[in-house]
Amino acid sequence: MKPVWTPRIQRIILWLRRLAVMTRKEMLQLSRDVPIGLLLVYSFTLAVYIAGNGIRSQLHNASLLVQDSDHSVSSRELIHKFRAPFFRLEGEIHDPREGLRSLDRGKAMAVLEIPPRFHEQLMTGEPTAVQFLVDTTNAPQGLSAASYAVRIISQFEQEIVLARVGGTETSSQKFPVIVSDHRVWYNPDQNDSWFESISHLLRQITIFAILLPAAALVREKERGTVEQLLVSPLTPFQIMLPKVLAMTVVILCATAVALFGIMRPAFGVPIRGSALLFFTLTALFVFSTAGMGLAAATITRNQAQVGMMTLLVVAPMMLLSGLVAPMEALPTWTRNLMILSPLRYFIDIANGILLKGSDLSLLWESVLSMVLLGGGLFGFGMWRFRRQFD
Amino acid sequence: MNLGRIAAVAWKEWRETIRDRMFVLLAFLLPVSWMFVFGYGLVQDVEHIPFGVIDRDHSALSRDYLYRFFESRYFSFQGYIPSEKEADGLLQSGKIRVAIVVPEQFEERLLRGQSLGIQTLIDGTFPLRTDIIKGYVIAINSAFTGERLVNYLARRSGSSVEQAESQVHPIRVEVRYLYNEEVRSTWSMVPALVMFTLMVSSPLLTSLGIVREKETGSIYNIYSSTVTRFEYLAGKLLPYVVISSMNAVILWTIATQWFQVPFKGNPAFFFAASVVFVLTSTGIGLIVSLLVRTQIAALVITMVVSMLPTILFSGLIVPVSSLSRGSQIQAHLFPGMYYTNIVRGAFLKGVGLEVLWLDVMALALYALLLRGAGYWLFTKRPRS
């Protein structure tokens with residue numbers, strides 16, 4: 001006996017079946033695009049590995065030249081303190097002009113000049129001066145190198161002073177000295193590859209989430225196949241939703257590959273929170289950003305335009321949402337503008353779940369903002385799409 | 001080779017491009033808008049770091065010590081925290097990035113002349129930020145220590161404060177910032193943005209323009225015409241080279257006039273080198289366009305091969321010398337690095353061909369190889 005469906009349930013089943021068919025169509029279309037497929041594989045495997053392995057945002061291996069005019073125990077001791085991972089001793093020079101030339105060429109980032117009689121002056125308690133020349137064409141790095149240099153020299157100084165004043169007491173216990181004791185949470189070794197590989201993953205998710213559905217929709221518009229879809233019994237929502245659904249599934253799979261296939265085995269990136277929550281929220285993020293791409297697709301007429309349009313949006317999102325420079329480093333207006341970037345919230349969410357082990361009770365604010373923003377964008381895209389074709 | 005035919009192809013391409021209003025707008029609007037958004041937005045001076053305090057001493061001296069953090073423009077005080085447990089919650093939610101713990105007997109120990117440790121709990125999710133915070137905290141701690149030490153020694157030995165001062169700080173560190181004397185983030189960022197913008201926008205423009213013809217099928221007109229491969233490619237690329245070169249001039253003007261970045265080098269050298277770079281970057285677009293069939297593929301691939309390596313490996317943010325060995329090799333394989341050297345050299349260092357010849361040579365070689373590969377890849381007989 002055939003089950004008796006009420007008309008309402010029948011309608012829902014029909015609706016779902018159409019959705020499934022359309023989603024399958026999108027998947028097929030995507031799977032036939034070989035270059036995109038290859039790119040997807042590269043972006044979520046090798047690229048993530050390269051980023052996690054290669055990028056050091058902190059001062060690292062700054063090439064240093066030394067001009068030691070003293071050649072004494074003290075000068076050698078001081079030079080010896082400039083070492084990896086922050087500095088890399090590139091060699092010794094004898095002429096200040098040589099140092100300037102290397103800086104001009106970009107062969108060295110900094111030059112340390114130790115004056116003659118450095119050791120003698122230190123021993124007799126005379127004041128002395130050390131020069132540190134640093135290339136600031138890259139301002140943050142130059143500043144960081146200078147601050148490390150000052151830190152290293154003042155520590156050296158303190159050791160000497162304490163040894164001299166304290167006479168036989170070499171320990172600093174007997175002086176009112178504050179010892180800085182840092183405890184770094186969530187990433188105790190300040191492992192750059194954790195941060196960089198996560199950041200890179202988020203960047204890739206963003207690019208694909210915006211571009212794939214947007215381009216797929218515009219391609220239909222451009223080729224005219226969208227007319228076929230519109231004469232079919234599909235609603236605009238049923239045309240748009242499967243595109244986003246298909247891309248979401250693909251991106252989620254790619255993310256899983258990157259996370260479990262690359263980031264965990266190669267860098268030991270932890271998943272301290274719930275993996276399920278992470279993937280659910282990733283899906284939500286892909287949805288929100290896809291809405292952004294679809295909205296762009298409805299404004300533009302061909303793929304070239306949609307590309308340029310999304311670039312106008314993607315590049316600022318990638319650079320200003322807090323992946324390249326920390327949010328605290330950005331001016332107030334940028335931070336205000338980035339309230340509109342779903343990526344900004346997703347960064348907090350991803351780092352929160354993976355590194356801090358946070359759950360929804362701590363992340364709800366970010367999640368809510370992301371949902372509202374994504375819903376708004378998706379709604380806007382729908383409204384535009386409907387207006388264009390109804 | 002027939003110059004007339006090259007001109008005809010170039011003219012046709014130019015017309016096609018400028019008729020697409022949106023495309024023209026974006027071709028010029030995109031670089032300019034990036035320049036403004038990033039020039040203002042990507043200033044990397046980390047300030048106003050939100051922090052909390054666990055004060056277990058509540059003495060006059062601990063307040064005096066903490067006052068240095070309150071006053072500093074690098075930190076922004078969010079409130080006192082009763083215990084480490086609450087600090088954990090605040091750090092997790094990102095309300096604060098660092099918590100400073102002042103231990104019991106802070107004042108007592110310091111006045112008695114004993115050392116003590118100040119603990120800071122730092123959010124480690126962003127290693128660069130963590131590093132910067134550490135640096136700030138150490139700087140404040142050592143300044144405070146220096147003052148305490150001077151007072152203590154002056155009292156103990158009965159000498160004057162000045163004497164004790166020179167005893168405590170025998171070494172003066174003279175830091176000289178070269179090329180960017182005021183260490184302005186904008187000055188180092190804006191010239192590099194000229195590179196970033198040209199490196200991303202011109203391959204994109206080129207690849208989309210060429211693939212558009214393939215996708216709409218109008219390329220069959222070319223296949224059946226008398227235009228040779230060389231003439232077609234030369235004419236086709238010309239408008240994009242011109243647009244990108246115009247952009248180089250526009251971006252240079254924005255950098256020097258609007259952002260007031262000093263230009264210490266020779267403009268003639270800079271523009272000549274920029275044209276070489278534009279030939280390279282449009283060449284990348286050409287290669288991509290020959291390998292793919294659809295505009296969407298051209299778009300995504302161009303973005304991935306041009307944007308990500310440029311952000312990561314061109315010296316825009318992280319200097320190439322600080323990269324790992326493998327990444328350094330990658331950096332040398334992308335043209336962005338060479339042009340970054342040229343741009344920063346010409347703007348801030350005021351050096352020219354005598355220092356940067358190697359970079360210009362590398363770019364020229366790159367442009368030549370790309371053109372050669374493009375010529376080799378392009379066939380007038382469509383593959384079935």
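Residue numbers start from 1 in every chain, and the chains themselves are labelled A, B, ... in the order their sequence lines are given, proteins ahead of strands.
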message = So, taking the atom named CG in B:Asp123 and the one named CG in A:Asn351, what distance separates them when rounded to the nearest 0.5 Å?
response = 8.5 Å
message = Is A:Gln121 close to chain B through its backbone or its side chain, or both, or neither, when contacts mean heavy atoms under 4.5 Å?
response = neither
key: Contact origin within A:Leu100 toward chain B - heavy atom pairs under 4.5 Å   = both
note = Honestly, the part of B:Thr130 sitting under 4.5 Å from a heavy atom of chain A is both
ask   = Of all of B:Ile49, B:Leu291, B:Ile301, which one pairs up most often with chain A through heavy atoms under 4.5 Å apart?
value = B:Ile301
B:Trp187, part contacting chain A, at a heavy-atom distance under 4.5 Å = neither
key: Winner by heavy-atom pair count (cut-off under 4.5 Å) against chain B, out of A:Pro316, A:Ser147, A:Ala146   = A:Pro316
B:Lys349 side chain reached by A:Leu103 side chain, heavy atoms, under 4.5 Å = no
Region of B:Arg97 in contact with chain A, defined by heavy-atom distances below 4.5 Å = side chain
task = Would you mind checking which part of B:Phe196 comes under 4.5 Å of any heavy atom in chain A, side chain (CB onward), backbone (N, CA, C, O), both or neither?
result = side chain
inquiry  = Quick check on the interface: out of B:Leu149, B:Val137, B:Val292, who has the most heavy-atom pairs with chain A under 4.5 Å?
reply    = B:Leu149
key: Which atoms of B:Val37 approach chain A - backbone, side chain, both or neither, heavy atom under 4.5 Å   = both
task = Identify which part of B:Leu91 has an atom lying under 4.5 Å from any heavy atom of chain A, answering side chain, backbone, both or neither.
result = both
ask   = What residue in B:Arg129, B:His48, B:Gln328 has the most heavy-atom pairs under 4.5 Å with chain A?
value = B:Arg129
request  = For each of A:Phe156, A:Phe208, A:Tyr148, tally heavy-atom pairs with chain B at distances under 4.5 Å, and name the one with the top tally.
outcome  = A:Tyr148
message = Taking side chain as everything from C-beta outward and backbone as N, CA, C, O, which of these in B:Asp131 sits under 4.5 Å from a heavy atom of chain A? Side chain, backbone, both or neither.
response = both
inquiry  = Using a 6.0 Å cut-off, check whether atom CD of A:Gln155 has over 12 heavy atoms from anything other than its own residue.
reply    = no
remark   = For A:Ser358 and B:Gln92, the nearest pair of non-hydrogen atoms, with its separation, is OG-OE1, 3.2 Å
ask   = If you tally heavy-atom pairs under 4.5 Å against chain B, which of A:Leu39, A:Leu362, A:Asp348 wins?
value = A:Leu39
query = Which region of B:Tyr177, side chain (C-beta onward) or backbone (N, CA, C, O), has a non-hydrogen atom less than 4.5 Å from a non-hydrogen atom of chain A, or is it both or neither?
reply = both
query = Taking all atoms of both residues into account, what is the closest heavy-atom pair of A:Asn138 and B:Ser188, and its distance?
reply = CA-CB, 3.9 Å
ask   = Looking at B:Val211, B:Ile118, B:Leu348, B:Leu111, which has the largest count of heavy-atom pairs under 4.5 Å with chain A?
value = B:Ile118
Under 4.5 Å from any heavy atom of chain A - which part of B:Asp88 = both
query = If you look at every heavy atom in A:Thr137 and B:Tyr179, which pair is closest and at what distance?
reply = CG2-CB, 3.8 Å
message = With heavy-atom distances below 4.5 Å as the criterion, would you say the side chains of A:Arg105 and B:Leu358 are in contact?
response = no
query = With only heavy atoms counted, which part of A:Trp333 is less than 4.5 Å from chain B, the side chain, the backbone, both or neither?
reply = side chain
query = When heavy-atom pairs shorter than 4.5 Å are enumerated against chain A, which of B:Thr302, B:Ile133, B:Thr145 gives the highest number?
reply = B:Thr145
request  = Check whether A:Met318 gets within reach of chain B through its side chain, its backbone, both or neither, counting any heavy atom under 4.5 Å.
outcome  = side chain
note = From the list B:Asp359, B:Val355, B:Ile138, the residue making the most non-hydrogen contacts under 4.5 Å with chain A is B:Ile138
remark   = Among A:Asp104, A:Ile153, A:Leu355, the residue with the most heavy-atom pairs under 4.5 Å to chain B is A:Asp104
remark   = NZ of B:Lys95 to CD of A:Glu365, rounded to nearest 0.5 Å, is 4.5 Å
A:Leu133 portion near chain B, given a 4.5 angstrom heavy-atom threshold = both
task = Verify the neighbour count for atom CZ of A:Arg88: are there more than 12 heavy atoms of other residues, nucleotides or ligands below 6.0 Å?
result = yes
query = Side-chain contact, heavy-atom cut-off 4.5 Å: A:Tyr42 with B:Val305?
reply = no
key: All pairs passing salt bridge (Lys or Arg N to Asp or Glu O under 4.0 Å) where residues 137-151 of chain B contributes a residue, at least two apart   = B:Arg68-B:Glu147
query = Below 4.5 Å, heavy atoms only, C-beta onward: do A:Ile347 and B:Phe126 meet side chain to side chain?
reply = no
task = Applying side chain to side chain contact (heavy atoms under 4.5 Å, CB included), run through B:Thr125 and A:Phe195 and close with a yes or a no.
result = CA-CA 7 Å; B:Thr125 40; A:Phe195 175 75; 5.6 Å; no
